[in-house]
Amino acid sequence: MQVDFTLTKEQEDLKKRAHEFALAFRPHVAEWDAANHCPLEEVTQAARKAGLLGITMPKEYGGKDLSVMDYVVAHEEVNRTGQWATLGEPMFSTSGPGPTILLRSENGALKKKFLADIITGEKRCAVAITEPMYGSNIDDLETAAEEKSGHFVVNGSKRFITGATDNELYATFVRFKNIPGSKGVGVLMIQAGSPGVTILPGPVFVGTRGQPHGELLFENAVIPKENLMWREGNFARVMECFNMERVHNATMSLATAEAALDEALKYTQTRKAFGKFICEFQAVYQDLAEIATLIEATRGLVYRAACTAIDGKYPLLIEATMAKLYASEVVRKVTEMAMTLHGGDGTTMDFPIQRLWREGPIATVGGGSPAILRNMIARKLLNRRLDQH
(Lines give C-alpha, C1' and ligand atoms only; values in the text may rest on other atoms or scores of the structure.)
Protein backbone atom coordinates (compact mmCIF):
# COMPACT_ATOMS: atom_id res chain seq x y z
CA MET A 1 0.00 0.00 0.00
CA GLN A 2 1.35 3.38 -1.00
CA VAL A 3 0.69 6.44 1.13
CA ASP A 4 1.22 9.67 -0.75
CA PHE A 5 0.10 13.07 0.51
CA THR A 6 1.51 14.93 -2.49
CA LEU A 7 -0.96 17.61 -3.50
CA THR A 8 -2.46 17.65 -6.97
CA LYS A 9 -2.14 20.69 -9.23
CA GLU A 10 -5.73 21.62 -8.35
CA GLN A 11 -5.01 21.33 -4.63
CA GLU A 12 -1.90 23.46 -5.01
CA ASP A 13 -4.05 26.13 -6.67
CA LEU A 14 -6.63 25.85 -3.88
CA LYS A 15 -3.88 26.19 -1.27
CA LYS A 16 -2.52 29.28 -3.03
CA ARG A 17 -5.95 30.92 -3.05
CA ALA A 18 -6.41 30.06 0.62
CA HIS A 19 -3.01 31.56 1.41
CA GLU A 20 -3.75 34.81 -0.40
CA PHE A 21 -7.16 35.07 1.26
CA ALA A 22 -5.72 34.66 4.78
CA LEU A 23 -2.67 36.83 4.13
CA ALA A 24 -4.88 39.78 3.18
CA PHE A 25 -6.58 39.71 6.59
CA ARG A 26 -3.59 38.80 8.76
CA PRO A 27 -2.62 42.46 9.45
CA HIS A 28 -6.04 42.93 11.10
CA VAL A 29 -6.09 39.75 13.18
CA ALA A 30 -4.49 41.15 16.35
CA GLU A 31 -6.89 44.08 16.36
CA TRP A 32 -9.97 41.92 15.74
CA ASP A 33 -8.89 39.38 18.35
CA ALA A 34 -8.41 42.10 20.98
CA ALA A 35 -11.77 43.68 20.15
CA ASN A 36 -13.47 40.27 19.98
CA HIS A 37 -15.06 41.39 16.74
CA CYS A 38 -14.56 40.38 13.13
CA PRO A 39 -16.37 41.79 10.08
CA LEU A 40 -17.62 38.33 9.14
CA GLU A 41 -19.57 39.56 6.14
CA GLU A 42 -16.43 41.08 4.65
CA VAL A 43 -14.46 37.91 5.39
CA THR A 44 -17.24 35.74 3.94
CA GLN A 45 -17.36 37.76 0.73
CA ALA A 46 -13.58 37.43 0.35
CA ALA A 47 -13.79 33.67 0.97
CA ARG A 48 -16.54 33.43 -1.65
CA LYS A 49 -14.38 35.30 -4.16
CA ALA A 50 -11.48 32.94 -3.42
CA GLY A 51 -13.70 29.90 -4.01
CA LEU A 52 -13.48 28.66 -0.41
CA LEU A 53 -17.20 28.34 0.42
CA GLY A 54 -19.12 25.08 0.23
CA ILE A 55 -16.01 23.11 -0.71
CA THR A 56 -17.54 19.67 -0.08
CA MET A 57 -21.13 20.56 -0.97
CA PRO A 58 -22.91 19.61 -4.25
CA LYS A 59 -22.74 21.99 -7.20
CA GLU A 60 -26.52 21.91 -7.57
CA TYR A 61 -26.72 23.92 -4.34
CA GLY A 62 -23.84 26.24 -5.14
CA GLY A 63 -21.02 24.14 -3.68
CA LYS A 64 -17.69 23.17 -5.21
CA ASP A 65 -18.28 19.39 -5.01
CA LEU A 66 -14.71 18.75 -3.85
CA SER A 67 -13.42 16.29 -1.27
CA VAL A 68 -12.77 16.47 2.46
CA MET A 69 -9.06 16.35 1.63
CA ASP A 70 -9.48 19.49 -0.48
CA TYR A 71 -11.23 21.11 2.47
CA VAL A 72 -8.37 20.16 4.80
CA VAL A 73 -5.79 21.59 2.39
CA ALA A 74 -7.60 24.92 2.19
CA HIS A 75 -8.51 25.20 5.86
CA GLU A 76 -5.02 24.25 7.03
CA GLU A 77 -3.52 27.00 4.90
CA VAL A 78 -6.07 29.62 6.00
CA ASN A 79 -5.50 28.93 9.69
CA ARG A 80 -1.72 28.62 9.45
CA THR A 81 -1.30 31.78 7.37
CA GLY A 82 -3.94 33.87 9.13
CA GLN A 83 -2.99 32.59 12.61
CA TRP A 84 -6.60 32.99 13.73
CA ALA A 85 -9.29 30.32 13.72
CA THR A 86 -12.11 32.76 13.00
CA LEU A 87 -10.89 33.30 9.44
CA GLY A 88 -11.91 29.71 8.72
CA GLU A 89 -15.46 30.15 9.99
CA PRO A 90 -17.01 30.92 6.56
CA MET A 91 -15.52 27.69 5.24
CA PHE A 92 -16.83 25.67 8.17
CA SER A 93 -20.33 27.17 8.18
CA THR A 94 -20.76 26.33 4.48
CA SER A 95 -19.36 22.76 4.59
CA GLY A 96 -19.77 21.71 8.23
CA PRO A 97 -22.57 19.94 10.13
CA GLY A 98 -25.15 22.71 9.60
CA PRO A 99 -25.47 22.30 5.83
CA THR A 100 -24.64 18.57 6.03
CA ILE A 101 -27.55 17.82 8.37
CA LEU A 102 -29.87 19.62 5.96
CA LEU A 103 -28.32 18.06 2.85
CA ARG A 104 -28.90 14.54 4.17
CA SER A 105 -32.44 15.31 5.32
CA GLU A 106 -35.36 13.84 3.38
CA ASN A 107 -37.17 17.19 3.49
CA GLY A 108 -36.63 18.25 -0.12
CA ALA A 109 -38.70 21.42 0.21
CA LEU A 110 -36.60 22.63 3.14
CA LYS A 111 -33.40 21.95 1.23
CA LYS A 112 -34.72 23.90 -1.72
CA LYS A 113 -35.66 26.77 0.58
CA PHE A 114 -32.44 27.16 2.57
CA LEU A 115 -29.53 24.99 1.45
CA ALA A 116 -28.20 27.05 -1.44
CA ASP A 117 -28.24 30.23 0.67
CA ILE A 118 -26.30 28.44 3.45
CA ILE A 119 -23.70 26.94 1.13
CA THR A 120 -23.06 30.21 -0.70
CA GLY A 121 -22.81 32.18 2.56
CA GLU A 122 -25.93 34.26 1.97
CA LYS A 123 -27.43 32.92 5.20
CA ARG A 124 -25.59 31.49 8.19
CA CYS A 125 -26.79 28.33 9.90
CA ALA A 126 -25.60 27.38 13.39
CA VAL A 127 -26.08 24.03 15.07
CA ALA A 128 -27.84 24.28 18.44
CA ILE A 129 -27.20 21.24 20.62
CA THR A 130 -25.56 22.17 23.92
CA GLU A 131 -27.85 23.03 26.82
CA PRO A 132 -27.18 24.65 30.21
CA MET A 133 -27.26 21.24 31.92
CA TYR A 134 -26.16 19.02 29.05
CA GLY A 135 -23.16 19.26 26.77
CA SER A 136 -21.81 16.01 25.38
CA ASN A 137 -24.64 14.10 27.09
CA ILE A 138 -27.07 14.58 24.21
CA ASP A 139 -29.14 11.58 25.32
CA ASP A 140 -30.61 13.68 28.13
CA LEU A 141 -31.25 16.99 26.36
CA GLU A 142 -34.39 18.71 27.62
CA THR A 143 -35.42 21.08 24.82
CA ALA A 144 -38.71 19.57 23.69
CA ALA A 145 -40.91 19.93 20.61
CA GLU A 146 -44.63 19.20 20.93
CA GLU A 147 -46.40 18.52 17.68
CA LYS A 148 -49.57 20.52 17.08
CA SER A 149 -51.78 21.03 14.05
CA GLY A 150 -49.48 22.51 11.41
CA HIS A 151 -46.61 23.41 13.72
CA PHE A 152 -44.36 22.44 16.62
CA VAL A 153 -44.25 24.18 20.00
CA VAL A 154 -40.69 24.25 21.34
CA ASN A 155 -39.60 24.92 24.93
CA GLY A 156 -36.08 24.86 26.31
CA SER A 157 -32.74 26.59 25.89
CA LYS A 158 -29.36 26.21 24.18
CA ARG A 159 -25.94 27.68 24.90
CA PHE A 160 -22.45 27.97 23.37
CA ILE A 161 -24.02 28.53 19.96
CA THR A 162 -21.43 29.79 17.49
CA GLY A 163 -23.01 32.49 15.36
CA ALA A 164 -25.89 33.24 17.73
CA THR A 165 -26.95 36.91 17.71
CA ASP A 166 -25.76 36.99 14.09
CA ASN A 167 -27.17 33.94 12.30
CA GLU A 168 -30.48 33.60 10.54
CA LEU A 169 -30.91 29.83 10.95
CA TYR A 170 -30.40 27.27 13.71
CA ALA A 171 -30.40 23.50 13.20
CA THR A 172 -31.81 22.75 16.64
CA PHE A 173 -31.74 19.37 18.39
CA VAL A 174 -35.00 18.71 20.23
CA ARG A 175 -36.79 15.86 21.95
CA PHE A 176 -39.97 14.60 20.33
CA LYS A 177 -42.93 12.88 22.07
CA ASN A 178 -41.06 12.73 25.41
CA ILE A 179 -39.24 9.65 24.15
CA PRO A 180 -36.23 9.15 26.46
CA GLY A 181 -32.64 8.81 25.34
CA SER A 182 -31.21 9.33 21.90
CA LYS A 183 -34.19 7.62 20.24
CA GLY A 184 -36.32 10.68 20.97
CA VAL A 185 -33.91 13.24 19.51
CA GLY A 186 -34.57 14.94 16.18
CA VAL A 187 -33.75 18.24 14.48
CA LEU A 188 -35.81 21.32 13.60
CA MET A 189 -34.68 24.27 11.51
CA ILE A 190 -35.51 27.30 13.65
CA GLN A 191 -35.37 30.78 12.14
CA ALA A 192 -34.28 33.84 14.06
CA GLY A 193 -37.30 36.03 14.72
CA SER A 194 -39.73 33.13 15.06
CA PRO A 195 -42.45 33.67 17.70
CA GLY A 196 -41.18 32.65 21.14
CA VAL A 197 -37.48 32.58 20.13
CA THR A 198 -35.10 34.86 22.08
CA ILE A 199 -31.42 35.14 21.19
CA LEU A 200 -29.05 36.35 23.91
CA PRO A 201 -25.32 37.14 23.95
CA GLY A 202 -23.22 34.39 25.44
CA PRO A 203 -20.00 34.33 27.46
CA VAL A 204 -16.68 35.69 26.24
CA PHE A 205 -14.22 32.99 25.18
CA VAL A 206 -10.44 32.99 25.54
CA GLY A 207 -9.93 31.75 21.97
CA THR A 208 -11.72 31.68 18.60
CA ARG A 209 -12.59 35.27 19.31
CA GLY A 210 -14.29 37.56 16.82
CA GLN A 211 -17.17 35.17 16.28
CA PRO A 212 -20.50 35.91 17.94
CA HIS A 213 -21.50 33.29 20.49
CA GLY A 214 -24.81 33.22 22.25
CA GLU A 215 -27.74 31.45 23.80
CA LEU A 216 -31.19 30.55 22.51
CA LEU A 217 -34.32 30.61 24.66
CA PHE A 218 -37.50 28.92 23.43
CA GLU A 219 -40.69 29.86 25.23
CA ASN A 220 -43.64 28.22 23.47
CA ALA A 221 -41.82 28.93 20.22
CA VAL A 222 -43.98 28.25 17.18
CA ILE A 223 -42.08 26.43 14.43
CA PRO A 224 -43.77 25.40 11.15
CA LYS A 225 -44.01 21.68 10.47
CA GLU A 226 -42.25 22.19 7.15
CA ASN A 227 -39.11 23.11 9.14
CA LEU A 228 -38.69 19.52 10.31
CA MET A 229 -35.23 18.31 9.30
CA TRP A 230 -35.09 14.95 11.07
CA ARG A 231 -37.71 13.09 13.08
CA GLU A 232 -36.89 11.03 16.14
CA GLY A 233 -35.27 7.65 15.54
CA ASN A 234 -32.49 8.92 13.27
CA PHE A 235 -29.94 9.88 15.90
CA ALA A 236 -27.04 7.79 14.56
CA ARG A 237 -27.47 9.08 11.00
CA VAL A 238 -27.65 12.69 12.17
CA MET A 239 -24.55 12.36 14.34
CA GLU A 240 -22.55 11.12 11.34
CA CYS A 241 -22.75 14.70 10.08
CA PHE A 242 -20.48 15.80 12.93
CA ASN A 243 -17.53 13.74 11.69
CA MET A 244 -16.79 16.67 9.39
CA GLU A 245 -16.65 18.99 12.39
CA ARG A 246 -14.05 16.75 14.02
CA VAL A 247 -11.91 16.84 10.89
CA HIS A 248 -12.31 20.63 10.80
CA ASN A 249 -11.28 20.95 14.45
CA ALA A 250 -8.36 18.57 13.97
CA THR A 251 -7.20 20.63 10.99
CA MET A 252 -7.54 23.81 13.03
CA SER A 253 -5.31 22.29 15.72
CA LEU A 254 -2.78 21.10 13.14
CA ALA A 255 -2.58 24.52 11.50
CA THR A 256 -2.37 26.33 14.83
CA ALA A 257 0.52 24.09 15.86
CA GLU A 258 2.22 24.81 12.52
CA ALA A 259 1.79 28.54 13.04
CA ALA A 260 3.28 28.19 16.54
CA LEU A 261 6.32 26.45 15.05
CA ASP A 262 6.62 29.22 12.46
CA GLU A 263 6.69 31.81 15.23
CA ALA A 264 9.12 29.80 17.36
CA LEU A 265 11.53 29.38 14.45
CA LYS A 266 11.38 33.10 13.69
CA TYR A 267 11.89 34.14 17.30
CA THR A 268 14.70 31.72 18.15
CA GLN A 269 16.63 32.71 15.02
CA THR A 270 16.47 36.44 15.75
CA ARG A 271 16.82 36.55 19.55
CA LYS A 272 20.34 36.30 20.97
CA ALA A 273 21.65 35.25 24.37
CA PHE A 274 25.22 34.80 25.54
CA GLY A 275 26.48 36.02 22.19
CA LYS A 276 24.61 33.64 19.88
CA PHE A 277 21.13 32.99 18.51
CA ILE A 278 19.10 31.00 21.01
CA CYS A 279 18.22 28.41 18.32
CA GLU A 280 21.84 27.27 18.61
CA PHE A 281 21.37 26.03 22.18
CA GLN A 282 20.75 22.31 22.35
CA ALA A 283 17.73 22.62 24.66
CA VAL A 284 16.10 24.97 22.17
CA TYR A 285 16.76 23.14 18.91
CA GLN A 286 15.71 19.84 20.48
CA ASP A 287 12.38 21.41 21.44
CA LEU A 288 11.98 22.64 17.88
CA ALA A 289 12.67 19.14 16.59
CA GLU A 290 10.09 17.65 18.97
CA ILE A 291 7.48 20.20 17.91
CA ALA A 292 8.08 19.42 14.23
CA THR A 293 7.77 15.68 14.88
CA LEU A 294 4.50 16.08 16.79
CA ILE A 295 3.12 18.16 13.95
CA GLU A 296 3.99 15.53 11.34
CA ALA A 297 2.37 12.78 13.43
CA THR A 298 -0.74 14.93 13.68
CA ARG A 299 -0.73 15.58 9.96
CA GLY A 300 -0.74 11.83 9.30
CA LEU A 301 -3.89 11.29 11.36
CA VAL A 302 -5.69 14.34 9.98
CA TYR A 303 -4.89 13.57 6.35
CA ARG A 304 -5.83 9.92 6.82
CA ALA A 305 -9.19 10.92 8.29
CA ALA A 306 -9.76 13.10 5.23
CA CYS A 307 -8.54 10.55 2.67
CA THR A 308 -10.71 7.72 4.03
CA ALA A 309 -13.95 9.74 3.83
CA ILE A 310 -16.81 7.88 2.15
CA ASP A 311 -17.14 9.09 -1.45
CA GLY A 312 -14.56 11.69 -0.45
CA LYS A 313 -17.33 13.61 1.34
CA TYR A 314 -18.20 11.92 4.64
CA PRO A 315 -15.37 11.24 7.15
CA LEU A 316 -15.45 7.97 9.06
CA LEU A 317 -16.25 8.16 12.77
CA ILE A 318 -13.18 6.58 14.36
CA GLU A 319 -10.65 8.09 11.97
CA ALA A 320 -12.10 11.57 12.51
CA THR A 321 -12.35 11.03 16.26
CA MET A 322 -8.74 9.85 16.63
CA ALA A 323 -7.49 12.76 14.54
CA LYS A 324 -9.45 15.28 16.58
CA LEU A 325 -8.39 13.77 19.92
CA TYR A 326 -4.68 13.65 19.10
CA ALA A 327 -4.54 17.01 17.33
CA SER A 328 -6.30 18.83 20.17
CA GLU A 329 -3.77 17.48 22.67
CA VAL A 330 -0.78 18.20 20.44
CA VAL A 331 -1.80 21.81 19.83
CA ARG A 332 -1.83 22.56 23.55
CA LYS A 333 1.59 21.01 24.07
CA VAL A 334 3.12 22.61 20.99
CA THR A 335 1.81 26.13 21.64
CA GLU A 336 2.99 25.98 25.24
CA MET A 337 6.45 24.82 24.15
CA ALA A 338 6.59 27.57 21.52
CA MET A 339 5.48 30.13 24.07
CA THR A 340 8.22 29.00 26.46
CA LEU A 341 10.80 29.37 23.67
CA HIS A 342 9.75 33.03 23.48
CA GLY A 343 10.87 33.50 27.09
CA GLY A 344 9.36 36.53 28.79
CA ASP A 345 8.07 37.83 25.46
CA GLY A 346 5.85 34.78 25.21
CA THR A 347 3.90 35.82 28.28
CA THR A 348 3.01 39.23 26.83
CA MET A 349 0.22 40.20 24.45
CA ASP A 350 2.77 41.63 22.01
CA PHE A 351 3.58 38.41 20.13
CA PRO A 352 1.24 36.16 18.07
CA ILE A 353 2.16 33.09 20.12
CA GLN A 354 -0.17 34.12 22.95
CA ARG A 355 -3.12 34.14 20.53
CA LEU A 356 -2.20 30.71 19.19
CA TRP A 357 -1.83 29.39 22.74
CA ARG A 358 -5.36 30.60 23.56
CA GLU A 359 -6.82 28.58 20.70
CA GLY A 360 -5.74 25.30 22.31
CA PRO A 361 -8.42 24.95 25.00
CA ILE A 362 -11.17 25.76 22.51
CA ALA A 363 -9.89 23.09 20.13
CA THR A 364 -9.83 20.60 23.00
CA VAL A 365 -13.47 20.91 24.09
CA GLY A 366 -15.14 21.96 20.82
CA GLY A 367 -16.58 19.06 18.84
CA GLY A 368 -16.27 16.61 21.74
CA SER A 369 -14.17 16.64 24.89
CA PRO A 370 -11.21 14.21 25.16
CA ALA A 371 -13.06 11.92 27.58
CA ILE A 372 -16.05 11.63 25.24
CA LEU A 373 -13.80 10.95 22.26
CA ARG A 374 -11.92 8.24 24.15
CA ASN A 375 -15.26 6.64 25.05
CA MET A 376 -16.20 6.51 21.38
CA ILE A 377 -12.89 4.96 20.39
CA ALA A 378 -13.15 2.42 23.21
CA ARG A 379 -16.67 1.41 22.14
CA LYS A 380 -15.31 0.64 18.69
CA LEU A 381 -12.37 -1.34 20.08
CA LEU A 382 -14.55 -3.38 22.43
CA ASN A 383 -17.49 -3.57 20.04
CA ARG A 384 -19.96 -2.87 22.81
CA ARG A 385 -21.97 0.01 24.19
CA LEU A 386 -20.34 1.49 27.28
CA ASP A 387 -23.35 3.06 28.99
CA GLN A 388 -22.36 6.03 31.16
CA HIS A 389 -25.64 6.16 33.10
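Aromatic ring orientation, His248 versus His75: parallel (interplanar angle below 30°, classes split at 30° and 60°).
For the pair Lys123 and Asp166, the salt-bridge criterion is not met [side-chain N within less than 4.0 Å of a carboxylate O]. Ion pairing of Arg17 with Asp13 is present here, as a side-chain N (NZ or NE/NH1/NH2) and a carboxylate O approach within less than 4.0 Å. Under a 4.0 Å N-O distance rule, the pair Glu258/Arg299 qualifies as a salt bridge. Remark: Arg104 engages Glu240 in a salt bridge, criterion side-chain N to carboxylate O under 4.0 Å. One finds a salt bridge joining Glu263 and Lys266 here, because a Lys/Arg side-chain nitrogen approaches an Asp/Glu carboxylate oxygen to under 4.0 Å. Ion pairing of Arg209 with Glu359 is absent here, as no side-chain N (NZ or NE/NH1/NH2) approaches a carboxylate O to less than 4.0 Å. Under 4.0 Å is where a charged nitrogen must lie from a carboxylate oxygen, and between Arg304 and Glu319 at least one such pair does. A salt bridge does not link Glu232 to Arg175: none of the charged nitrogens lies less than 4.0 Å from a carboxylate oxygen. Electrostatic pairing of Glu89 and Arg124 does not count as a salt bridge here, judged by no charged N lying under 4.0 Å from a carboxylate O.
In this structure, Leu341 CG and Arg271 CZ are separated by 12.0 Å, a value rounded to the nearest 0.5 Å.
The other members of the hydrophobic cluster of Leu373, by chain and number, are Leu317, Ile318, Met322, Leu325, Ile372, Met376, Ile377, Leu381 (side-chain heavy atoms under 4.5 Å, ILVMFWY only). Alongside Val365, the hydrophobic cluster contains no other residue (criterion: ILVMFWY side chains under 4.5 Å). Apart from Val154 itself, the hydrophobic cluster it occupies contains Phe152, Ile161, Tyr170, Val174, Phe176, Leu188, Ile190, Val197, Ile199, Leu216, Phe218, Ile223, Leu228, where clustering links Ile, Leu, Val, Met, Phe, Trp and Tyr at side-chain heavy-atom distances under 4.5 Å. Applying the 4.5 Å side-chain rule to ILVMFWY residues, one finds that Val222 remains a lone member of its cluster.
Ring pair Phe160/His213: centre-to-centre distance not below 6.0 Å.
Residues forming a side chain to side chain donor-acceptor pair (under 3.5 Å) with Asn220 (at least two apart in sequence, or on another chain): Asn155. Listed by chain and number, the residues in a salt bridge (charged side-chain N to carboxylate O under 4.0 Å, His left out) with Lys49 amount to none (sequence neighbours excluded). Under the rule for a salt bridge (charged side-chain N to carboxylate O under 4.0 Å, His left out), Lys59 has no partner lying at least two apart in sequence or in another chain. Taking the salt bridge (charged side-chain N to carboxylate O under 4.0 Å, His left out) definition, one finds that Glu219 meets it with nothing, sequence neighbours left out. Every residue two or more places apart in sequence or in another chain that forms a side chain to side chain contact (heavy atoms under 4.5 Å, CB included) with Glu10 is listed here: Thr8. Listed by chain and residue number, Leu265, Cys279 satisfy the side chain to side chain contact (heavy atoms under 4.5 Å, CB included) test with Gln269 (two or more places apart in sequence, or in another chain). Looking at residues two or more places apart in sequence or on another chain, you find a ring-ring contact (aromatic ring centres under 6.0 Å, His included) between His28 and Trp32.
Pairing each heavy atom of Ser67 with each of Ile55, the nearest pair is O-CG2, 4.1 Å.
Residue pairs satisfying the ring-ring contact (aromatic ring centres under 6.0 Å, His included) criterion with at least one member in residues 270-328, sequence neighbours excluded, are listed as follows: Phe5-Tyr303.
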**Report entry** Step-by-step side chain to side chain donor-acceptor pair (under 3.5 Å) determination, Asp70 to Gln11
**Finding:** CA-CA 6 Å; Asp70 295 316; Gln11 288 171 334; 3.0 Å; yes
